[in-house]
Amino acid sequence: MATLLGTAGTTTLSAIQAFVLMPLCLKYLGPETYGAWLASGDILVWLQSSDLGLPNLMIQRMAVAFAKDQKQVATDYFVAGVFVLGVLAVVFTSALVVLAPSLAVTLLGSTMEAQAIGRAVRLGALASGATLANWAIVALSRSLQRTAFLSGVSLCATAVGFAATAYLLYAGFGLVSIPAGMIARTSVLIVGSAVFLLQGVQSGALGLPRLRVPIVKEFLALSPATAGGSLAYAVMNQSDNAVVGLTLGPSIVPIYAATKKVADALRGVLDMVAFSSYAGFAHIVGQGQREKVTAVFEEVRSLAMNAALVGCATYIAFNRSFVSCWVGAAFYGGGGVTILLGLQTFLGAMAFLVNYLYRATGAVTRGSLALVLECAVRVPLAIGLAQVLGMSGLPLAALLTSLPALAIVSGWMRREGIGVQSGFPRRSILHSVLRSAACALTLVLCFGYDAKDWVQLGTTVGGFLVAVSAQVIATDPSVKRATEHLLAGAAQRLRHARQR
């Protein structure tokens, strides 16, 4: 629970940070320079994800060892993980430091702005590399099931990085403000992790530090099974700005990024459903109760699907007004792009959920390879379609790859004996009419509604959410049951509180 709450808190704070900082960056840096940074910043995210899937492998190995009271074995896996992740961090950071100037010239040509981008990317690479190495200590905390402290540190680090970047932008430090904020955040993370590690040593939770070569070889032998999937997920979700910058130019990146920002935040929330369901679903699979596995899968899938429908419909309906109130109408990419991005968010979230839970059945290698194949097709397709269709090409490429990926992995689930319904469940004529009316209203608002200010926008969005959510609850039995269960639990807690 601490892990889930910490992740949710950090995700929420990061989203708020992005919404606040983008207008500041556009004001103090300009669209072209900021667009070049966004394009190059995607690569920094890839660097942080270049962990070969080792943190998850470390968590599994160390958790088993701690459960058996074999703290020396757990310590051996921890030290080996620190070594391998440290080497990866040094190698990838060094490579990006060397390549940063060339990357900047590719985006902006031989200009003063390109030199500034190169310096900023180098600073950002140092922060990203340190974050990559720090995953070893995060893995240790999760294997010990002591996540509260580092979850709090992560929240504080995000807040410090946010404050540092905002202050430096206001003070006139320019582009260096962004990587400086990243370094401030990483510094807090490292200090917090060092305190956690020291506490672990003093409490006797760890054994003697020693580097065992067989464990290093084990990590290197097993990591390809998960490394590809981890990196593919990062590239598919963090490459659009780079593709737009390289194909359409840096000045277009802020327009695309602003148009997509709410969709990115929504996707992060939807993916948390998969992350939080993984361990519990794997446990049920291990019990061998296929009927229960199917029932749980369908319930999770239905809840996620309906949450995605409500979120994506709201995004499509009001993104035009949101972007206009936020950074100005000039940074809105258009209704067509918004609709495609909304559909991409919905379908992409559902495809990832099915793939992630498929891997929870034990098919880690096959599920990871499916993500790798999807990524290998999507990125070149996005580049090609962007050159022909502009910004619309990127979400269209995602739709064309997510749909077959969802169908294929769902088929694999059925072969495992887990019944997966294809498409939407059948509804009555009234329910179909209600959903059709909701879709029509969404399109009308997308192209015809302009909020004058934040108050009007918030009021309208609130009314839309209530109406659409009520329609979903009324037409989907699983959502209705979950809502009733949630309300009953809240009422019971309220009664207990009153009795006290």
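Residue numbers count from 1 along this sequence. What's counted below: heavy atoms across the whole structure, side chains too, no hydrogens, waters or symmetry copies.
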Practice task
Working to the nearest 0.5 Å, report the span between CG of Leu54 and CG of Leu220.
Solution key: 7.5 Å

Exercise for the section: If the plane angle is over 60° it's perpendicular, under 30° parallel, otherwise tilted; pick one for Phe149 and Phe196. Expected result: parallel

Handout entry: Nearest-0.5 Å distance, CG of residue Leu394 to CD1 of residue Ile383
Key = 9.0 Å

Donor-acceptor pairs are to be reported for all side-chain atoms of residues 339-352 against protein atoms at under 3.5 Å, with residues two or more places apart or in another chain.
residue, atom, partner, partner atom, Å
Thr345, OG1, Leu341, O, 2.8

Exercise for the section: May I ask you to check whether Tyr332 and Trp326 place their ring centers less than 6.0 Å from one another? Expected result: no

Exercise for the section: Answer whether the closest heavy-atom distance between the side chains of Met62 and Tyr77 falls below 4.5 Å. Expected result: yes

Problem - Residues Ser239 and Arg378: side-chain donor-acceptor under 3.5 angstrom - result: no

Handout entry: Any side-chain donor near an acceptor of the partner, Tyr256 and Asn241, under 3.5 Å
Key = no

Problem - Residues forming a side chain to side chain donor-acceptor pair (under 3.5 Å) with Ser324, sequence neighbours excluded - result: none

Practice task
Grab the two heavy atoms, one from Ala370 and one from Asn355, that are nearest each other, plus how far apart they are.
Solution key: CB-ND2, 3.8 Å

Fill in the blank from the handout: When rounded to the nearest 0.5 Å, the distance separating CG of Asn134 from OG of Ser193 is 3.5 Å

Ignoring hydrogens and angles, write down the donor-acceptor pairs under 3.5 Å from the side chains of residues 162-170, residues two or more places apart or on other chains.
residue, atom, partner, partner atom, Å
Thr165, OG1, Gly161, O, 3.1
Thr165, OG1, Ser177, O, 3.3

Exercise for the section: Could you check Phe331, Tyr449, Trp454 and say which one makes a ring pair (Phe, Tyr, Trp, His ring centres under 6.0 Å) with Phe322? Expected result: Trp454

Handout entry: Leu198 atom CG: more than 12 heavy-atom contacts under 6.0 Å
Key = yes

Exercise for the section: Could you tell me the separation between the CD atom of Gln238 and the OH atom of Tyr233, rounded to the nearest 0.5 Å? Expected result: 8.5 Å

Problem - CZ-CZ distance between Phe219 and Phe83, expressed to the nearest 0.5 angstrom - result: 12.0 Å

